[in-house]
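So the structure is just underneath, and the comments pick up after that.
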There are 2 protein chains.
Amino acid sequence: MTPQRELIARTFFRNKGHVSAEDIYKQVQKRAPRIGFATTYRTMKLLSEAGVASLRSFGDGFSRYEPALRTDHHDHLICTQCGHIIEFEDDRIESLQKTVARKHGFRVTDHKLELYGICSHCRNTKK
Amino acid sequence: MTPQRELIARTFFRNKGHVSAEDIYKQVQKRAPRIGFATTYRTMKLLSEAGVASLRSFGDGFSRYEPALRTDHHDHLICTQCGHIIEFEDDRIESLQKTVARKHGFRVTDHKLELYGICSHCRNTKK
DNA sequence: CAGTTTAATGCAAATGATTATCAATGTCAA
DNA sequence: TTGACATTGATAATCATTTGCATTAAACTG
Ligand SMILES: [Zn+2]
Ligand SMILES: [Zn+2]
Ligand SMILES: [Zn+2]
Ligand SMILES: [Zn+2]
């Protein structure tokens, strides 16, 4: 554990999740301008390999990280206008997914459910 | 509508869907080696803008296209071992998604549900 | 037809997020 | 101190996709 890694990890956990590597890099830059993005990427990969961060890739070209509490699984509602992300969890959907997979002979190891749309805030300020 | 575009479109529709741009490019190459991949990409973008192809991005680094029949929506089961993709549709999941979105004040315009796992074929030949 | 405009092609170079390379620096135990 | 050994950070490489641009071809015009 080096000072660079510690700063990067701290910065990551200070966020609320769904942070891109560049986000973290820019935040880290303010405290320690000498840290390069290579170290940022490497550290985030380490964190996700260690299981404390999990990698998400939404539609846009970026990889996002969020803290992995391990216990809580959740899916995402994403506002295509302002980028706001809401997390949710629905046990009925989860179990229906398992049913569907079983029906097709799949053993599911992972899944991704993302609902894209317009959040209430953007809908109200729209017109 | 140019001959190049026609060949690319025909080639695309000859496939069963979930085709990468490179797949199409390579198939087109056999019939018309002079066609460049720029034209392939451009034409696929045109097709998806025209609504006859829809763009999917699964976890791997590739953009995939599939014919957009407009009437049928479906989600995907993806084997992480052999890459095989099964399409499915579950009305109960769909309606639960709408319920969840409504609960959070979202108006959903699109969604993505992908189940990753091991298909029955790969499970049987595994050991 | 000849001439002019316009769009489409295809090669090569650019893009942009991520990864690999590698010399320089730090760590630590013998 | 010496020598493994790991880590850093600047830079170059990667790789799917886009873009710039000169060339070709089609579509009008008369
Ligand atoms: Zn919004
Ligand atoms: Zn989340
Ligand atoms: Zn399989
Ligand atoms: Zn499909």
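Scope of the values below: all heavy atoms of this structure, side chains included, with no hydrogens, waters or symmetry mates. Note on naming: letters A, B, ... go to the chains in the order of the sequence lines (proteins, then strands), and numbering restarts at 1 for each one.
Across the protein-nucleic acid pair, A/Ile8 atom CD1 and D/dT7 atom P stand 13 Å apart, rounded to whole Å. Atom CG of B/Leu46 is separated from atom C1' of C/dA7 by 12 Å (rounded to the nearest Å). Straight-line distance from the CZ atom of B/Phe37 to the C1' atom of C/dA13: 10 Å, rounded to whole Å. Across the protein-nucleic acid pair, B/Leu55 atom CG and D/dT17 atom C1' stand 11 Å apart, rounded to whole Å. Atom P of nucleotide C/dA8 and atom CZ of B/Arg34 are separated by 19 Å, given to the nearest angstrom. Rounded to whole Å, atom C1' of D/dT19 lies 19 Å from atom CE of B/Met44. Distance, B/Asp60 CG to D/dC15 P: 15 Å, rounded to whole Å. Rounded to whole Å, the distance from CE on A/Met1 to C1' on C/dT27 is 15 Å.
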Exercise. For salt bridge (Lys or Arg N to Asp or Glu O under 4.0 Å), just list the numbers for B/Lys98 and B/Glu94, CA-CA rounded to whole Å, side-chain angles, deciding distance to a tenth of an Å, and then say yes or no.
Key: CA-CA 7 Å; B/Lys98 291 198 186 87; B/Glu94 300 286 325; 5.4 Å; no
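Taking only side-chain atoms of A/Arg42, from C-beta outward, the nucleotide of D/dT8, C/dT9, C/dC11 with the closest atom is D/dT8. In this structure, the nucleotide among D/dT8, D/dT19, C/dT9 sitting nearest to the side chain of B/Ala38 is D/dT19. Comparing atom distances between the B/Thr2 side chain and each of D/dT18, C/dT9, C/dT19 picks out C/dT9 as nearest.
Considering only side-chain N and O atoms, A/Gln4 lies under 4.0 angstrom from the phosphate OP1 or OP2 of D/dG9. Distances shorter than 4.0 Å separate some side-chain N or O of B/Ser63 from OP1 or OP2 on D/dT17. One finds no side-chain N or O of B/Thr39 lying less than 4.0 angstrom from the OP1 or OP2 phosphate oxygen of C/dA8. Between D/dT18 and B/Tyr41, no contact under 4.0 Å exists linking OP1 or OP2 to a side-chain N or O.
Ring-plane geometry between A/Tyr65 and A/Phe12 is classed as perpendicular, the angle between the planes exceeding 60 degrees on a 0 to 90 degree scale with a lower cut at 30.
The 5' end of DNA chain D is approached more closely, in terms of each residue's nearest nucleotide, by A/Arg5 than by the other of B/Tyr65 and A/Arg5. Mapping B/Pro3 and B/Ala21 onto DNA chain D by nearest heavy atom places B/Ala21 at the nucleotide closer to the 5' end.
The shortest heavy-atom contact between B/Leu55 and B/Ser63 is CD1-CB, 3.6 Å.
Ionic pairing of A/Lys45 and A/Glu49 is not present here: no N-O contact between side-chain nitrogen and carboxylate oxygen is shorter than 4.0 angstrom.
Using modelled atom types, one finds no donor on one side chain facing an acceptor on the other under 3.5 Å when comparing A/Gln27 with A/Tyr25.
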